[in-house]
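Residue numbers begin at 1 in each chain, while the letters A, B, ... track the order of the sequences.
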Number of protein chains: 4
Amino acid sequence: MQQKEGGYMIILDYKDARPIYEQIVEKFKLLILKGILQKDEQMPSVRSLAVELAINPNTIQKAYMELERQGYIYTIKGRGNFVAENENLLDERREELKMRMFILYKEGKELGMTKADFIDGLREIKE
Amino acid sequence: MQQKEGGYMIILDYKDARPIYEQIVEKFKLLILKGILQKDEQMPSVRSLAVELAINPNTIQKAYMELERQGYIYTIKGRGNFVAENENLLDERREELKMRMFILYKEGKELGMTKADFIDGLREIKE
Amino acid sequence: MQQKEGGYMIILDYKDARPIYEQIVEKFKLLILKGILQKDEQMPSVRSLAVELAINPNTIQKAYMELERQGYIYTIKGRGNFVAENENLLDERREELKMRMFILYKEGKELGMTKADFIDGLREIKE
Amino acid sequence: MQQKEGGYMIILDYKDARPIYEQIVEKFKLLILKGILQKDEQMPSVRSLAVELAINPNTIQKAYMELERQGYIYTIKGRGNFVAENENLLDERREELKMRMFILYKEGKELGMTKADFIDGLREIKE
DNA sequence: GTGGTCTAGACCACA
DNA sequence: GTGGTCTAGACCACG
């Protein structure tokens, strides 16, 4: 498949303040959670992705290490990196989002905003 | 007031990953928005605050610069730093919060969450 | 016996961090020590096992080399690999286990644990 | 204190198969758990330790990152690394040791060893 | 001064 | 071919 061989799914934003490896981690997490990368599918090799993104292999290495640590991929030495099970991960991620919204809400409360203000804000979103 | 001169309102959390100057900025922004520090009131001097928090004066300097840049305080050379008007700031801040909630919502939508999920999440908050 | 020729006794766990050849060594050591593979019985050929496990023959070769080095099998050129005597091996293995327990105990002692703690830990095991 | 300034507490074993950064992590974990390094005490700086051990700063960096990830230290950018609270860590570590002994026991059971064999083995330890 | 990120290039074990 | 570790050296943000 062209789409999975050629110049594909990861795009770096050098204006972004976050480190490159973190952007890569984030992008792959989404690809996995959305099911675009499926269970046991092979990740691009460290070296090939490094060439493709025109960055150092160490940077990819670091990103993959982080992804493995967070349970998104697993590594087989000499073979490559592969997508892990993602059942629980999706739920965890949703919980995390709710938690972040809670923090946002607390911030707002300090500034005199109410629950209703937030709910209205959400309702106003059209798209 | 003693309370505003002596050992007061800013508490640093060194375990926090954010840089110290950023924590200071954040704390002062809240104090100003909540009206605890009022318009034209003098900010603690760079030196005194540095001593009080036992940190480098450069760090305070950087925090004040940032506060000035964001319009929370104004500087009079040779006199000190003073709290600026905060009417518009509060509204801006609320808008910013709504924007951040919108971003959160977009993230959630990518993971299959709906507006209702978020609204439910908000409603569930007791405190 | 079919069971010893066809799809049999070795199952690989790719999620396991250990290299594949090491897993194979470990599995065969157990099969031999438990007497499931008996003295002078022929081991599956390198090629057939490689096909069966769908891995590189080099990996099987490496595993067999290691098994021979540790005295679990012997090789006859042009004929194949065969299970070695296992009398002493079982005792050696038990000694090795005791040694590893001793190391574990030393680690624990450094952290303030006593012999009694370990013995209690063992006693608590139900199954 | 000489002991804490000069050539001190970490000794590398180049014959050890484990990577250097892992040895460093292990050594510091012990120093912290044993209370030799106390809460909020400053760790040697990345660069100074690199010089002292005659290895690359990146290697120390990696070790410290791992220690932080496991909760043994915390980092303040621009200031240094500091020893974290270690209350829970000690208990966790003891639990981990018991778990490892349980695994050892299961291995032994497969080879016909009994609980009694292990307990006897422990009792025989003199030192 | 401190830690954090990144590059370029090397060597090793594993398959 | 794969990933994992390490070195040497650079640049940045923070204090």
Closer than 4.0 angstrom, basic N to acidic O: yes or no for D/Glu96 and D/Arg100?
yes
Is the closest basic N to carboxylate O distance between A/Glu26 and A/Arg93 below 4.0 Å?
yes
Do the side chain of D/Asn86 and the main chain of D/Ile32 share a donor and acceptor less than 3.5 angstrom apart?
yes
For the side chain of A/Gln23 and the backbone of A/Asp13, is there at least one donor-acceptor N/O pair under 3.5 Å apart?
yes
Interatomic distance where [atom1] belongs to [X] and [atom2] belongs to [N] [whole Å]:
X       : N      : atom1 : atom2 : result
A/Tyr64 : F/dT2  : OH    : C1'   : 12 Å
D/Lys15 : E/dC12 : NZ    : C1'   : 20 Å
D/Leu49 : F/dT7  : CG    : C1'   : 16 Å
D/Glu68 : E/dG4  : CD    : C1'   : 11 Å
A/Glu22 : E/dT5  : CD    : C1'   : 11 Å
D/Asn81 : E/dG4  : CG    : P     : 6 Å
D/Glu66 : E/dG4  : CD    : C1'   : 16 Å
D/Arg47 : F/dT7  : CZ    : P     : 16 Å

[X] side chain N/O closer than 4.0 Å to the phosphate oxygens (OP1, OP2) of [N]?
X       : N     : result
A/Tyr21 : E/dT5 : yes
A/Gln61 : F/dG3 : no
D/Lys62 : F/dT5 : yes
A/Ser45 : F/dT2 : yes
A/Thr59 : E/dT7 : yes
A/Asn58 : E/dA8 : no

What does F/dA13 pair with, Watson-Crick or G-U, if both distances are under 3.5 Å?
E/dT2
Heavy-atom nearest nucleotide on DNA chain F taken for D/Arg18 and for B/Arg18; more 5' hit belongs to D/Arg18
Both A/Tyr14 and C/Asn56 contact DNA chain E. Which one's nearest nucleotide lies toward the 5' end?
A/Tyr14
Would you classify B/Ile55 as touching base, sugar-phosphate or nothing, given that sugar-phosphate means primed atoms plus P, OP1 and OP2, and contacts are heavy atoms under 4.0 Å?
nothing
Regarding F/dG1, can its base be found pairing with the side chain of A/Arg79 as donor and acceptor, where the two atoms are less than 3.5 Å apart?
no
For the residue pair A/Tyr74 and C/Asp16, confirm or rule out a side-chain donor-acceptor distance under 3.5 Å.
no
